[in-house]
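Note that the structure is a prediction, hence the values are computed from the model and not measured.
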Amino acid sequence: MYFDYEYFKREFLKMTSIDLNCYKERQMKRRIDTLIRNKGISGYDKFLMAMKGDKALFDEFLSYVTINVSEFYRNPEQWEYLDKEVIPYLISKFGKTLKIWSAACSTGEEPYSLVMAFSKYLPLSQISVYATDLDRKVIEDAKNGLYVEKSLEGIPPELKRKYFTKVGNVYQISKEIKNRVTYRQHDLLKDVYPSNCHLVVCRNVLIYFTEETKEELFHKFYQCLAPGGTFFIGSTEQIMNYKEIGYQRMNSFFYQR
């Protein structure tokens with residue numbers, strides 16, 4: 001029997017409930033083929049069997065296909081707009097108790113950046129960020145809060161000094177920042193979204209999905225926002241039909257319900 005990529009997608013869906021049909025095929029297949037080749041395994045069927053018998057391999061593959069790339073204050077000019085325009089607007093409209101969701105949060109750089117950004121305007125005790133990701137492993141890494149120096153390059157120097165401690169070759173984020181973030185596992189494709197969010201951040205993730213899937217997710221994010229709430233997307237993304245969905249555009253990367 002010839003075990004092709006369609007077979008692999010069907011079997012992987014049974015194993016994980018992750019539908020690879022929602023991802024751009026060329027990019028995803030290239031990533032999977034590269035990993036299989038690097039592991040010295042011949043064929044999709046043998047790779048599936050290997051993952052079923054090796055949890056470490058399965059976890060590695062899951063992290064690999066869910067494309068976890070993150071850094072603090074990624075695209076600083078967009079965080080500057082968040083700081084100067086969006087946060088003051090949100091506080092003036094909704095008050096100091098804000099519902100903030102960092103979706104597909106990866107290893108925690110984004111939700112911790114959000115806490116630090118809001119700390120300029122609010123006491124830490126009043127800041128709460130709900131952060132989710134599909135991958136359990138990256139959530140555990142996020143909870144540990146250990147980062148290499150390169151991922152900290154975008155952090156304003158005063159915040160780096162205040163909230164990070166060097167431990168050997170890595171930096172530990174402070175407990176006072178970590179304690180403001182609640183992590184949960186969540187699948188953007190099939191799980192229920194939180195409701196009445198004042199700020200939703202989902203950046204540099206949707207580019208890996210097909211156009212049909214992106215359209216569906218943009219609608220879902222719109223529905224989970226409170227009226228007047230803001231959606232912050234990545235520098236590689238855009239909502240072409242934002243008016244049809246109901247968004248108002250603040251700038252290229254921020255949209256309001």
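- A donor-acceptor contact shorter than 3.5 Å is absent between the side chain of Gln126 and the backbone of Ser119.
- Two residues are said to be in side-chain contact when any heavy atoms from C-beta on lie closer than 4.5 Å; Glu71 and Glu110 fail this criterion.
- Each of Arg37, Lys29, Arg31, Arg30 was compared with Asp33 under the side-chain hydrogen bond (donor to acceptor under 3.5 Å, both in side chains) criterion, and only Lys29 meets it.
- For the ring-ring contact (aromatic ring centres under 6.0 Å, His included) test with Trp79, the passing option among Phe254, Tyr73, Phe72 is Tyr73; the others fail.
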Quiz item: Run the side-chain contact (heavy atoms from CB on, under 4.5 Å) check on Leu82 and Leu199 step by step: do they pass?
Solution: CA-CA 10 Å; Leu82 177 79; Leu199 174 65; 4.2 Å; yes
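- Judged by a 6.0 Å distance limit and a 45° cone about the ring axis, Lys175 is not positioned over the six-membered ring of Tyr163.
- Side-chain contact between Ile32 and Phe61 is present, with heavy atoms from C-beta onward closer than 4.5 Å.
- Taking 4.5 Å as the limit, every side-chain heavy atom of Val200 sits out of range of all side-chain heavy atoms of Thr230.
- Within the model, atoms OG of Ser106 and CZ of Arg74 stand 9.0 Å from one another, a figure rounded to the nearest 0.5 Å.
- Under the 4.5 Å side-chain contact rule for hydrophobic residues, Ile155 and Leu146 do not share a cluster.
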Practice problem: Test Lys220 against Glu216 for salt bridge (Lys or Arg N to Asp or Glu O under 4.0 Å), laying out the working first. | Solution: CA-CA 6 Å; Lys220 285 185 174 182; Glu216 178 185 346; 3.6 Å; yes
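- Phe232 has its ring centre no less than 6.0 Å from the ring centre of Phe253.
- Looking only at distances, a side-chain donor or acceptor of Tyr147 sits under 3.5 Å from a matching main-chain atom of Thr107.
- By the side chain to side chain donor-acceptor pair (under 3.5 Å) test, Ser151 pairs with no residue at all, sequence neighbours left out.
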Practice problem: Applying side-chain hydrogen bond (donor to acceptor under 3.5 Å, both in side chains), run through Asn241 and Glu215 and close with a yes or a no. | Solution: CA-CA 9 Å; Asn241 61 336; Glu215 172 86 7; 3.0 Å; yes
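- With hydrogens and angles ignored, the 3.5 Å screen pairs a side-chain donor or acceptor of Asp54 with a backbone N or O of Ala56.
- By the 4.0 Å N-to-carboxylate-O rule, Arg136 lies too far from Glu140 to be salt-bridged with it.
- Note: the hydrophobic cluster containing Leu48 does not contain Leu13 (ILVMFWY, side chain heavy atoms under 4.5 Å, direct or indirect links).
- Looking at Arg257, its side chain does come within 3.5 Å of a backbone N or O of Leu225 through a donor-acceptor pair.
- Taking the side chain as every heavy atom from C-beta outward, Gln256 and Phe231 never approach each other to under 4.5 Å.
- Following chains of ILVMFWY side-chain contacts shorter than 4.5 Å, one can reach Leu189 starting from Phe221, so the two form part of one hydrophobic cluster.
- A tilted orientation is assigned to the rings of His198 and Phe94, their planes being inclined by 30° to 60°.
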Quiz item: Going through the distances and angles, do Phe12 and Leu20 end up as a side-chain contact (heavy atoms from CB on, under 4.5 Å)?
Solution: CA-CA 8 Å; Phe12 189 68; Leu20 295 178; 3.6 Å; yes
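- Listed for the Tyr222 side chain is no donor-acceptor partner under 3.5 Å among the backbone atoms of Leu217.
- A salt bridge links Asp141 with Lys137: the closest approach of a Lys/Arg side-chain nitrogen to an acidic carboxylate oxygen falls below 4.0 angstrom.
- Under a 3.5 Å cut-off, the side chain of Lys214 and the backbone N or O of Ile239 do not form any donor-acceptor pair.
- No chain of hydrophobic side-chain contacts below 4.5 Å, direct or via other Ile, Leu, Val, Met, Phe, Trp or Tyr residues, connects Val170 to Val138.
- Classification of Lys162 and Glu158 as a salt-bridged pair fails, no side-chain N sitting under 4.0 Å from a carboxylate O.
- With hydrogens and angles disregarded, no donor-acceptor distance shorter than 3.5 Å links the side chain of Arg180 to the backbone of Val129.
- Side chain of Tyr121 to main chain of Asp83: a donor-acceptor pair is present (N/O by atom type, distance under 3.5 Å, no hydrogens or angles).
- With sequence neighbours excluded, the residues that form a side chain to side chain donor-acceptor pair (under 3.5 Å) with Glu25 are Lys9.
- Between the side chain of Glu149 and the backbone N or O of Lys166 there is no donor-acceptor pair closer than 3.5 Å.
- Between Asn144 and Lys178, the closest heavy-atom pair is O-NZ, 3.4 Å.
- Checked against the 6.0 Å centroid threshold, Phe58 and Phe47 do not count as a close aromatic pair.
- In this structure, Asn204 and Asn75 have side chains that are in contact, with non-hydrogen atoms separated by less than 4.5 Å.
- Minimum interatomic distance between Ala104 and Asp133 (heavy atoms only, all atoms of both residues): C-OD2, 3.3 Å.
- Residues Val115 and Val181 have side chains in contact (heavy-atom distance under 4.5 Å, counting atoms from C-beta outward).
- Using cut-offs of 30° and 60° on the angle between ring planes, the pair Tyr23 and Phe209 is tilted.
- Using a 4.5 Å heavy-atom threshold, the side chains of Tyr130 and Ser102 count as separate.
- Under the 30°/60° scheme for interplanar angles, the aromatic rings of Tyr44 and Tyr5 are found to be tilted.
- No donor-acceptor pair closer than 3.5 Å links the side chain of Lys160 to the backbone N or O of Leu152.
- Counting only heavy atoms from C-beta outward, the side chains of Phe118 and Ile100 approach each other to under 4.5 Å.
- Hydrophobic clustering (ILVMFWY, side-chain heavy atoms < 4.5 Å, transitive): Tyr112 and Leu124 are in one cluster.
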